[in-house]
Amino acid sequence: MNNLLRLLSDGRFHSGEELGLALGVSRSAVWKYLQRFESDCGLELFKVPGKGYRLVEPLSLLNYEDSFAVVDRLGWQLYLLETTDSTNAEALRLLQSGVPAPFVVMAEGQTSGRGRRGREWASPHAQNIYYSLALKVSNGIQGLSGLSLVVGLAVLRALRRLGVEGVGLKWPNDVYADGRKIAGILIELNGDPADACHVIIGIGVNVNMRPGSLNIGQPWTTVREQTGRLASRADLSQFLSESMYHYIDRHSREGFSSLREEWEANNIWYGKSCVLSTGAQQVKGVMNGIDEQGALRLWIEGRGEQCFSGGELSLRLDHDS
């Protein structure tokens, strides 16, 4: 399937005979594969008698060889999949089967992508980045303090390397561009966080999917929209691995406090009126930044400044103010 998709990724017409010869299968087998593309992956094809088949638009596919070279240089393993339910779920299965961390799981598509608080993460095939890094954390709570914010900095750097301007961070897990969400982070623990445990860092980046192609319940944007051109998912995944290594290494050596100033410099909601959801309760206040551990500093009228740690907390702008 992936070999056929790679042949079609240039967006040009290819005859069934040409595709069959390249893959060593019959024209009828090619037709069946193409039907699966449309039904399973949601990819649109033009079918023109006498010309053949082409994708409605070109695709940017991941590249195993180049991604492996980068990840291997960093001392990590790489698992690149055509499709999985969720790269975080696959990373957990690998850990449970005895695969040693650190390793990266990436996929061309996800069938059950997950965001924070049980939300679905839109995961069209060969359109975005679906990336999970599994790490072993041996220094307990200190090694986890501010981790999601550190990952946000890594995503920010990777996007800027690809030419995305106007990107910033929303506490605690989101990256925005032009006032809309472009990437999200989902961190899951496996083991005792007070002792040695594994952490799975899931990252989803909107890269080339088209506006209006999916029903997403919040304003969002893509790398393609921000740069005005088809973005290289292979380049972005490599930039992301390099950035993750840099920031996680610094976090493990120096702690979050060494990165606090950089995070604050990219905090797009500083001074804004916000609503913080803490389970069933909602707290209104003004976003005052973060503390040395990455906790939210919220100024609440009549109560002064209070700090809130991450977890299941959710922050949004207060549009009633």
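Quick caveat: nothing in here was measured; it's all calculated off a predicted structure. Throughout, numbering of the chain's residues begins at 1 and tracks the sequence.
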* So, for S277 and R316, which heavy atoms are closest and what is the spacing to 0.1 Å? -> OG-NH1, 3.5 Å
* **salt bridge (charged side-chain N to carboxylate O under 4.0 Å, His left out) between R210 and E44, intermediate numbers included** => CA-CA 12 Å; R210 286 293 195 180; E44 293 183 75; over 6 Å; no
* Would you check if I201 and I248 make a side-chain contact, meaning some heavy-atom pair closer than 4.5 Å? => yes
* Going by an N to O cut-off under 4.0 Å, is there a salt bridge joining R180 and D174? -> no
* Asked: With a 4.5 Å limit on heavy-atom distance, are the side chains of L74 and S241 in contact?
  -> yes
* Asked: Would T84 and Q110 satisfy side chain to side chain donor-acceptor pair (under 3.5 Å), going step by step from the backbone distance to the final call?
  -> CA-CA 5 Å; T84 187; Q110 297 182 128; over 6 Å; no
* same_hphob_cluster(Y64, L81) at 4.5 Å side-chain heavy-atom cutoff -> no
* To do: Return yes when atom CD of Q96 has more than 12 non-hydrogen atoms of other residues, nucleotides or ligands closer than 6.0 Å, and no otherwise.
  => yes
* Answer yes or no: is there an ion pair linking E108 with R233, defined by an N-O contact shorter than 4.0 Å? => yes
* Asked: Considering the options Q306, E305, R297, which one meets the side chain to side chain donor-acceptor pair (under 3.5 Å) requirement together with N288?
  -> E305
* **Nearest non-hydrogen partners of L230 and P58, listed with the distance** => CD1-O, 4.0 Å
* To do: Report yes if the side chains of R157 and F239 come closer than 4.5 Å at any heavy-atom pair, otherwise no.
  => no
* Could you tell me whether the side chain of V175 reaches within less than 4.5 Å of the side chain of K170, counting heavy atoms only? => no
* Asked: Is there a side-chain contact between L34 and L8 (heavy atoms, below 4.5 Å)?
  -> yes
* To do: Run the salt-bridge test on E242 and R161 with the 4.0 Å N-O cut-off and return the result as yes or no.
  => yes
* To do: Following the transitive rule for hydrophobic clusters with a side-chain heavy-atom cut-off under 4.5 Å over Ile, Leu, Val, Met, Phe, Trp and Tyr, establish whether F308 and W299 coincide in one cluster.
  => no
* Is the OH atom of Y245 crowded by more than 12 outside heavy atoms at less than 6.0 Å? -> no
* Give the C-alpha distance, both sets of side-chain angles, the deciding distance and a yes or no for side-chain contact (heavy atoms from CB on, under 4.5 Å) between L240 and I129. => CA-CA 10 Å; L240 186 56; I129 291 292; 4.2 Å; yes
* Asked: Would the number of heavy atoms belonging to other residues, nucleotides or ligands and lying under 6.0 Å from CD of E165 be above 12?
  -> no
* Structure fact -> When rounded to the nearest 0.5 Å, the distance separating CG of L149 from CD of Q293 is 11.5 Å
* **Worked verdict on N88 versus S132 for side chain to side chain donor-acceptor pair (under 3.5 Å)** => CA-CA 6 Å; N88 264 31; S132 294; 2.5 Å; yes
* Is there a chain of hydrophobic side chains (I, L, V, M, F, W, Y, each step under 4.5 Å between heavy atoms) that links L94 to L186? -> no
* Non-hydrogen atoms of T221 and A177 that approach each other most closely -> CG2-O, 3.5 Å
* Structure fact -> In this structure, OG1 of T111 is separated from NE2 of H125 (nearest 0.5 Å) by 11.5 Å
* State, without any angle test, whether Y130 and E90 hold a side-chain donor-acceptor pair at a distance under 3.5 Å. => no
* Minimal non-hydrogen separation, S237 against S67, with atom names -> OG-OG, 3.6 Å
* Asked: Are the ring centres of F13 and Y53 closer than 6.0 Å?
  -> no
* Asked: Do side-chain atoms of N266 reach the backbone of G168 as a donor and acceptor pair under 3.5 angstrom?
  -> no
* **Min side-chain heavy-atom separation K136-P102 under 4.5 Å** => no
* Nearest-0.5 Å distance, CG of residue N173 to CG of residue L315 -> 11.0 Å
* **Distance-minimising heavy-atom pair for Q77 and V71** => O-CG1, 3.4 Å
* **Residues E292, R260: salt bridge by 4.0 Å N-O rule** => yes
* Following the transitive rule for hydrophobic clusters with a side-chain heavy-atom cut-off under 4.5 Å over Ile, Leu, Val, Met, Phe, Trp and Tyr, establish whether I200 and V150 coincide in one cluster. => no
* Got a second to check how far L162's CG is from Q226's CD, nearest 0.5 Å? -> 12.0 Å
* Within the side chain of H198, is there an N or O that forms a donor-acceptor pair under 3.5 Å with the backbone of A134? -> no
* Quick check: are there more than 12 heavy atoms from other residues, nucleotides or ligands sitting under 6.0 Å from CZ of R12? -> no
* Give the intermediate values and the outcome of side-chain contact (heavy atoms from CB on, under 4.5 Å) for residues L135 and L133. => CA-CA 6 Å; L135 295 171; L133 171 62; 3.9 Å; yes
* Polar side-chain atom of Q127 near backbone of S123 as donor-acceptor pair, under 3.5 Å -> no
* Going only through I, L, V, M, F, W and Y residues with side-chain contacts under 4.5 Å, is there a path from I185 to W171? -> yes
* Asked: Going from OG1 on T87 to CG on L80, what distance comes out if it is rounded to the nearest 0.5 angstrom?
  -> 11.5 Å
* In sequence, state the C-alpha distance, the side-chain angles, and the governing distance for L169 and Y176, and then conclude on side-chain contact (heavy atoms from CB on, under 4.5 Å). => CA-CA 6 Å; L169 299 171; Y176 275 50; over 6 Å; no
* Asked: Picking from N128, V167, N208, V164, what satisfies side-chain contact (heavy atoms from CB on, under 4.5 Å) with V223?
  -> V164
* Would you find more than 12 non-hydrogen atoms of other residues, nucleotides or ligands less than 6.0 Å from Q282 atom CD? -> yes
* Asked: Can you list the steps and then say if D72 with F68 is a side-chain contact (heavy atoms from CB on, under 4.5 Å)?
  -> CA-CA 6 Å; D72 185 59; F68 173 81; 4.0 Å; yes
* To do: Indicate yes or no for a side-chain donor-acceptor contact from H251 to the backbone of S145 under 3.5 Å, with no hydrogens or angles considered.
  => yes
* Min side-chain heavy-atom separation R54-L45 under 4.5 Å -> no
* Asked: So, are E18 and R27 salt-bridged, with charged N and O less than 4.0 Å apart?
  -> no
* Asked: Taking C-beta and beyond as the side chain, do L144 and L189 meet within less than 4.5 Å on heavy atoms?
  -> yes
* Greater than 12 external heavy atoms within 6.0 Å of K272's NZ -> no
* To do: Check for a donor-acceptor pair, side chain of S60 on one end and backbone N or O of A231 on the other, with a separation under 3.5 Å.
  => yes
* **Which atom of S112 lies closest to which atom of S86, heavy atoms considered** => O-CB, 3.7 Å
* Asked: Between CG of L296 and CG of D291, what distance do you get to the nearest 0.5 Å?
  -> 9.0 Å
